[in-house]
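Report on one structure; see the data block that follows.
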Protein chains: 2
Amino acid sequence: MALTERKLRILEAIIRDYIESAEPVGSRSLSKKYELGVSPATIRNEMSDLEEMGFIQQPHTSAGRIPSDKGYRLYVDKLMEIKQTANKNRVRIRSDILKKYGELEQLLEYTSRVLSEFTQYTSIVLAPQVKKSRLKQIQLARLSDETMLAIFITNTGLIQNPIFKIPADMKHEELEKISNFLNEEFAGSTLEEIEVRMADNLKKELAKFHNTVYALLPEMFKALEQVSDVTLYLSGTTNIFNFPEFNDLAKARSFLNLLEERKTISELISRQDSDYLNVSIGTENKIQEAKECSIVTTTYSLDQQTVGQLSIIGPTRMDYDRVMSVLSQVSKMMNQILKEQ
Amino acid sequence: MALTERKLRILEAIIRDYIESAEPVGSRSLSKKYELGVSPATIRNEMSDLEEMGFIQQPHTSAGRIPSDKGYRLYVDKLMEIKQTANKNRVRIRSDILKKYGELEQLLEYTSRVLSEFTQYTSIVLAPQVKKSRLKQIQLARLSDETMLAIFITNTGLIQNPIFKIPADMKHEELEKISNFLNEEFAGSTLEEIEVRMADNLKKELAKFHNTVYALLPEMFKALEQVSDVTLYLSGTTNIFNFPEFNDLAKARSFLNLLEERKTISELISRQDSDYLNVSIGTENKIQEAKECSIVTTTYSLDQQTVGQLSIIGPTRMDYDRVMSVLSQVSKMMNQILKEQ
DNA sequence: AATTAGCACTCACTGTTTGAGAGTGCTAAC
DNA sequence: GTTAGCACTCTCAAACAGTGAGTGCTAATT
């Protein structure tokens, strides 16, 4: 069966209406509300076809139709056009974020908040991946007789301070020497590059330092990598209560449970490198508990390198136009802000 | 009317039963389940008295009784004895926390998780207050032409890295000099002490440095104070769904909303200095949305100084015995771990 | 005087019934 | 190919009755 122009228009109307109302859409109300130029009976016939093709479905025999995941997919890929958020809003987003900008963490947290407030869904912001950041500066500082603090500052504004044990007999000057050496050697490199160099020829050069340093280095970089790979900022989790499809306690609970574990979240928002908007609809999600949700994800970059992600999660009945528009704008702004730094 | 021994025993039985079952307790089931040595009719009379005194109440005429906030208060203050969690559990808590100990942040996050898992309620862990910490070390590092990073390390293990603008013409050596000066001058002091000294005689000594340093210092310490005063770790927020009193969407929502804003949380868990267990029951809470919750709070300390807080929040029908026992043990352990550092 | 048995009464809760409303699919007419 | 008409389906909300747990009161018992 062919997807005629008229079928597409009807499908679009159904999806628009359902996104707005959350109620199954009937033929009569459809013909009244939208100028389709045909009678309810005709719409019924078309709807019957659309159902057969899998784009819409009936909750029960005598109800209207609701879009299926396949329907939303078609809508997102072909029918929808991303609205340009009105200029006023755009400016407001911009200055809102800038106003609060201090450290990276605050920027991320605030971005997350802005995203959830603007979309009214739940937002997830992933901090820059350390792997892809360049080390800007390394500092070592003694904390106590047996511990030292390593400070890593990256080009993304990420600051990490892992703590390590060191031998009590290591002198202050020695620490400083090592610190200088590390800076000369590694500043400007990514972790990936460092790994390669570590495996290579570095061993000899390190030999001139205290033995433990050599043992410590891999540990240091590993710690750096691990800690921040899971750093994320959530906002608007309770917005889920605004949606009738989660009016069921079990569903609301399952959604919130999903978000309570970092591990599940990062499974959900699998790292992506493409810098365009990625949409995962309902059953396209791998995790069982998210089969009634849609997730829209985009990235933000620094130096042409994708470093982190911005996501919105909500019901499959999501206002894709708006969400995608807000996400793409906020992403552009983050790119700019990070560049300005 | 006097609170006879028998009345107290009946009240205790009612509270115990209600904490367990969440169902209004009737006279007949009470006499069957507990060995009170009197008939249901007698219990009814006593219950009627207890209600008149305000310790219990009826949801409606023909239902059993449930404890009032006043009843819980009496129970917590007079009737209850804090159970000693079985030794096995105690050891498990201990090694669990220690195993994960790396940085302070991880310790706090993990403590929060352990608390919520052991109690099955929601836990809130407040990071050490900077005001009460002693500065251990200060480091300044240039980030770019116009920005520098200040690193503050406190005796509580707290590390903060605020970023500041500095004049482009400030030289590396100058920064190092200032850094050394600050360390000599302030290491070992609390922020409160520093404030006093700043107001005092410090101006002259600072004069020998670059002018901007003088302007920067107050800002630096203020930033330090502000940021971390609101740092908190939440865990087990969705446990609320396990309790029938929150089976109502509106109530669950209002509870979760309460926890989404840091500001409300810190209002809820107002800073306290007494190092013993503090219990706030239902209407004793100032915030409207928490009038059906109870909050148990204790503190943890370093060097005889209370620095942070541990809280459990749940329904007023809370297993106070268990919660207080777990909290007091975890608090002791944190004290020990912080000391060992 | 305190306790208890007996009894009428109350009220939430559950399951059933009923009617209304929205929507469909089919058939026959346009 | 499109549409009007109609019987049919299914959810939802309101009304209703029966059940059970619990109470308060009274009178008998210890």
Side-chain angles (χ1 to χ4, degrees), chain A residues 1-11 13-15 17-18 20-68 244-245 247-249, chain B residues 1-11 13-15 17-18 20-68 244-245 247-249:
Chain A
M1 201 175 330
L3 257 179
T4 61
E5 177 62 25
R6 190 169 71 186
K7 281 195 173 61
L8 285 175
R9 276 179 57 211
I10 290 175
L11 178 59
I14 293 172
I15 294 180
D17 200 77
Y18 186 67
E20 195 187 316
S21 71
E23 297 288 333
V25 188
S27 56
R28 208 174 116 76
S29 63
L30 206 59
S31 86
K32 258 199 260 176
K33 204 162 161 190
Y34 300 84
E35 311 246 315
L36 294 165
V38 286
S39 76
T42 310
I43 295 178
R44 276 206 288 284
N45 290 329
E46 296 286 48
M47 279 169 129
S48 178
D49 291 349
L50 283 169
E51 183 168 4
E52 207 180 310
M53 288 186 272
F55 294 111
I56 55 180
Q57 58 199 71
Q58 270 184 304
H60 57 265
T61 345
S62 70
R65 305 302 211 292
I66 62 174
S68 67
E245 44 265 74
N247 263 354
D248 174 9
L249 261 176
Chain B
M1 200 175 331
L3 257 179
T4 60
E5 175 63 25
R6 191 169 72 185
K7 281 194 174 57
L8 284 175
R9 276 178 56 210
I10 289 175
L11 177 59
I14 292 172
I15 294 180
D17 200 76
Y18 186 68
E20 196 187 317
S21 71
E23 296 289 333
V25 188
S27 56
R28 208 174 116 76
S29 63
L30 206 59
S31 86
K32 259 199 256 175
K33 204 163 160 189
Y34 300 83
E35 312 246 316
L36 294 165
V38 285
S39 77
T42 310
I43 296 179
R44 275 205 287 285
N45 290 329
E46 295 287 48
M47 279 170 128
S48 176
D49 290 351
L50 283 169
E51 184 169 4
E52 206 178 310
M53 287 186 271
F55 294 112
I56 55 180
Q57 57 198 72
Q58 271 184 305
H60 56 265
T61 345
S62 71
R65 304 305 212 290
I66 62 175
S68 67
E245 44 266 75
N247 263 354
D248 175 9
L249 261 176

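Keep in mind that the numbers below use all heavy atoms, side chains included, and drop hydrogens, waters and symmetry copies. So that the names make sense, note that chain A is the first sequence line, chain B the second, and so on, each numbered from 1. Since this is a predicted model, take the numbers as computed values, not measurements.
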Double-helix bend of the helix from C/dA1-D/dT30 to C/dC30-D/dG1, axes at both ends from 5 pairs, round to 10°, gives 20°

Measure from the side chain of B/Ser29, starting at C-beta and using heavy atoms only, and say which of D/dG22, C/dG25, C/dG23 lies closest. D/dG22

Begin with the C-alpha distance, continue with both residues' side-chain angles, and end with the deciding distance and a verdict on side-chain contact (heavy atoms from CB on, under 4.5 Å) for A/Asp248 and B/Leu249. CA-CA 8 Å; A/Asp248 174 9; B/Leu249 261 176; over 6 Å; no

From B/Tyr34 atom OH to B/Arg9 atom CZ, the distance as rounded to the nearest 0.5 Å: 12.5 Å

Can you measure B/Ile43 atom CD1 to C/dA5 atom C1' for me and round it to whole angstrom units? 14 Å

For C/dG23, does the base pair up with any side-chain atom of A/Arg28 as donor and acceptor (N or O, under 3.5 Å, distance only)? no

Between A/Thr42 and D/dT2, is there a side-chain N or O to OP1/OP2 distance below 4.0 Å? no

Which is more 5' along DNA chain C, the nucleotide nearest A/Pro24 or the one nearest B/Ala41? Just name the residue. B/Ala41

Let me confirm one number: the CD1-CD distance from B/Ile43 to B/Glu46, rounded to the nearest 0.5 Å. 9.0 Å

Check whether any side-chain N or O of A/Ser39 sits under 4.0 Å from OP1 or OP2 of D/dT2, and answer yes or no. no

Compare the minimum distances between each of D/dG5, D/dT23, D/dT2 and the side chain of B/Arg44, then state the nucleotide with the smallest one. D/dT23

Any side-chain heavy atom of B/Met47 sitting closer than 4.5 Å to one from B/Ser27? yes

Any side-chain N or O of B/Ser27 under 4.0 Å from OP1/OP2 of D/dT23? yes

Here the distance between atom C1' of C/dT24 and atom CD of A/Glu51, to the nearest Å, is 10 Å

So, applying side chain to side chain contact (heavy atoms under 4.5 Å, CB included) with B/Ile56, which one of B/Ile14, B/Ile10, B/Ile15, B/Ile66 is it? B/Ile14

Kindly say whether, by distance alone, the side chain of A/Ser62 makes a donor-acceptor pair under 3.5 Å with the base of D/dT9? yes

In whole angstrom, what separates B/Glu23's CD from D/dA21's C1'? 11 Å

Separation of C/dT24 atom P from A/Glu52 atom CD, nearest Å, is 16 Å

Here the distance between atom P of C/dG23 and atom CD1 of A/Ile14, to the nearest Å, is 12 Å

Quick one, A/Gln57 and A/Arg65 - any side-chain contact, counting heavy atoms below 4.5 Å? no

For atom NZ of B/Lys32, is the number of surrounding heavy atoms from other residues, nucleotides or ligands below 6.0 Å larger than 12? no

Using whole Å, report how far CG of A/Leu36 lies from C1' of D/dT3. 15 Å

Could you state the CG-P distance from B/Leu50 to D/dG24, rounded to the nearest angstrom? 12 Å

The nucleotide from D/dC10, D/dT23, C/dG25 with an atom nearest the side chain of A/Thr61 is D/dC10

Any non-hydrogen side-chain atom of B/Thr42 less than 4.5 Å from a side-chain atom of B/Arg6? yes

Nearest listed nucleotide, side chain of A/His60, among D/dA21, D/dT11, D/dT3: D/dT11

When rounded to whole Å, the NZ to P distance for the pair B/Lys32 and C/dT4 reads 17 Å

